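All heavy atoms count here, side chains included; hydrogens, waters and symmetry mates do not. It should be emphasised that the depicted structure is a prediction, and the values quoted were computed from it without experimental measurement. Each chain gets a letter, A, B and so on, in the order the sequences are listed, and its residues count up from 1.
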2 protein chains.
Amino acid sequence: MNLTIAEENYIKAIFHLQQAEGNVSTNQLAASLHTKPASVTDMLKKLTIKSLLNYEPYQGVRLSKDGKKQALNIVRKHRLWEFFLVDKLQFGWDEVHEVAEELEHVRSKKLVDKLDSFLGHPKFDPHGDPIPDSNGNMVTIRQFNLIDIKISTIVEVCGVGSQSAELLELLRHKNIGIGTVLKIIRKFDFDHSVEIQIKNSDHINISQQLAQALFVKLI
Amino acid sequence: MNLTIAEENYIKAIFHLQQAEGNVSTNQLAASLHTKPASVTDMLKKLTIKSLLNYEPYQGVRLSKDGKKQALNIVRKHRLWEFFLVDKLQFGWDEVHEVAEELEHVRSKKLVDKLDSFLGHPKFDPHGDPIPDSNGNMVTIRQFNLIDIKISTIVEVCGVGSQSAELLELLRHKNIGIGTVLKIIRKFDFDHSVEIQIKNSDHINISQQLAQALFVKLI
DNA sequence: AATTATTTTTAGATAAATCTAAATAAATAA
DNA sequence: TTATTTATTTAGATTTATCTAAAAATAATT
Ligand SMILES: [Mn+2]
Ligand SMILES: [Mn+2]
Ligand SMILES: [Mn+2]
Ligand SMILES: [Mn+2]
């Protein structure tokens, strides 16, 4: 069954939202897709008929098994294209999201699989998010929020909490990216900021907001 | 001014049709876009309002200056993506048209220009068609129809008359592609077939229809 | 429990892109 | 030159995706 671009964007948004919380509400979806609740309700009815999700009025939605499968395929395409843009075309990691938002809708299984080979079957996209394989499986690593790491621990940045241009601009300025290895030097109770050290360079200060937007793994 | 995918497909179709003939008729466009004449008329009115073409009822259309500029940009994207698919992703030249038909609509000037660099600024797509640069300029080579070449002449295949899967399948079978160098051995008056020789292999016979679908240059 | 506020759905419109069937214009043939 | 055929346009519908405004359901507060 072939989905329209709008339908694919809804399916993907529901997928991401239901990871965090349980049922996804109409308002959440409207906010996430920059559209209006009334439009969301219409689309939910349509996707229900296509049995991509389970929806009862006023109760929010969750993807069906088939819906989840479709979502994983779109996420796979999105992240593979992001990897391509950064790795092959030298885009900055803060510039690729929008473009991938269009490329993800190109329909050709052969294209995706050949792209995957060409890129060397990458496991993570430029933002540290795992790339599903053609069966929808992806690696899961135990990742922690930087704000929760104890002093003196050495960790590696492996993900960011949002794709916003503002966050990525700040990270670029502080020289922090996926794979950056850093040590927690000190934590301040007043504003919950964190002092860290990257490699052997000077100590730098990370605000509470920024620390909460960084996911790390122990090494 | 941002065009929809449907508008871009119309603009590109008009561009290709007006190369061959003068004014492009409603029926020609309908056939080329696999749509109905009534739909074409509607779209022509819309594109006229956007001043992308000059249209008077019953007289057919031609692109305006701006329309031609838009068309060249779409053609550029289409051919660059085709080159990418064949050169980097190992697609066959007979498999790329459909996929490029979607990729050509991804809107990002930066993407196109970076792709162009990544590919090494190719001048021709896998079917031998010239790729416009970012200003809309493309090389023009004097090319002839194979059917018109004299006996004993040595030529190089540089283009095909159509992108149809049927043609490309036949060419693949006969081991003929862009860049193939061949010699005209004999021409038969009965069916206007042509006997040719590729490199030092055996003579093979080319039907009139096939010879008319092959463009070559003198070397 | 009754009132108020919030969320969600329905009703009714609109714009884009398409279609079929009918009307009209242009081209061709008798 | 009139009649016939062909090409093109108009009229009226349909599907998809959106919106605003109003109604209804649910949740939160007195
Ligand atoms: Mn998208
Ligand atoms: Mn990403
Ligand atoms: Mn296209
Ligand atoms: Mn081509």
Below 4.0 Å: OP1/OP2 of [N] and any side-chain N or O of [X]:
X	N	result
B/N27	D/dT6	no
B/K45	D/dT10	yes
A/T35	D/dC19	yes
B/S25	D/dA7	no
A/Y55	C/dT9	yes

Just how far is it from atom CH2 of B/W81 to atom CG of A/L111, taken to the nearest 0.5 Å?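 Nearest 0.5 Å value for the CH2-CG distance: 8.5 Å.
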Taking a pair as Watson-Crick or G-U wobble with both distances under 3.5 Å, which nucleotide is matched to C/dA30?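 Partner of C/dA30: D/dT1.
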Please tabulate, one pair per line, each protein N/O and nucleotide N/O from nucleotides 20-28 of chain C that are separated by under 3.5 Å, including the distance.
{"unit_1": "C/dA25", "atom_1": "O4'", "unit_2": "B/Y58", "atom_2": "OH", "d": "3.3"}

Do other residues, nucleotides or ligands put more than 12 heavy atoms under 6.0 Å from the CD atom of B/E56?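 Result for CD/B/E56: open.
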Criterion side-chain contact (heavy atoms from CB on, under 4.5 Å) against B/L146, the qualifying member of B/L210, B/I184, B/I176: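 Only one option passes, and that is B/I184.
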Donor-acceptor contacts, no H, no angles, side chain residues 34-45 of chain B, under 3.5 Å, sequence neighbours left out:
{"unit_1": "B/T41", "atom_1": "OG1", "unit_2": "B/P37", "atom_2": "O", "d": "3.3"}

Do B/S25 and B/N27 get their side chains close enough for a donor-acceptor pair, meaning under 3.5 Å?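 No, no side-chain donor-acceptor pair sits under 3.5 Å.
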Can a donor-acceptor pair be found between the side chains of A/D66 and A/S64 at a distance below 3.5 Å?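 No - no donor-acceptor pair under 3.5 Å links their side chains.
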Can you confirm if the NZ or CZ of B/K68 lies within 45° of the ring axis of B/F15 and under 6.0 Å from the centre of its six-membered ring?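 No; the conditions do not both hold, so B/K68 does not lie above the ring face of B/F15.
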Does B/K217 count as lying over the ring of B/F144, i.e. NZ or CZ under 6.0 Å from the six-ring centre, within 45 degrees of the axis?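 Negative - B/K217 is either too far from the ring of B/F144 or too far off its axis.
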In residues 100-108 of chain B, which ones come under 4.0 Å of DNA chain C, going by heavy atoms?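 Nucleic-acid contacts, sorted: none.
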Could you tell me how the ring of A/F84 sits relative to the ring of A/F118: parallel (under 30°), tilted (30 to 60°) or perpendicular (over 60°)?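 Tilted, since the angle between the ring planes falls between 30° and 60°.
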Measuring only between side-chain heavy atoms, which start at C-beta, is A/H16 closer than 4.5 Å to A/V75?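 A/H16 reaches A/V75 side chain to side chain.
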Going by side chain to side chain donor-acceptor pair (under 3.5 Å), name the pairs with one or both residues in residues 86-111 of chain B, residues two or more places apart or in two chains.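 Qualifying pairs, neighbours excluded: A/E95-B/K110, A/K110-B/E95, B/E8-B/H105, B/N9-B/H105, B/K12-B/E101, B/K12-B/E104, B/H78-B/H97, B/H78-B/E104, B/E82-B/H97, B/D94-B/R172, B/H97-B/E101, B/K109-B/D113.
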Counting N and O atoms only, with roles assigned by atom type, does the side chain of A/N145 sit under 3.5 Å from a partner on the main chain of A/Q212, one being a donor and the other an acceptor?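 It does hold such a pair.
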Can you tell me if B/K123 uses its side chain to pair, donor with acceptor, with the backbone of B/P132 under 3.5 Å?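 Not confirmed, B/K123 side chain does not pair with B/P132 backbone.
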Residues touching DNA chain D, which here means a heavy atom under 4.0 Å, drawn from residues 4-20 of chain B: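 Per residue number, the list is empty: none.
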Polar atom pairs (N or O), protein with nucleotides 12-15 of chain D, under 3.5 Å:
none

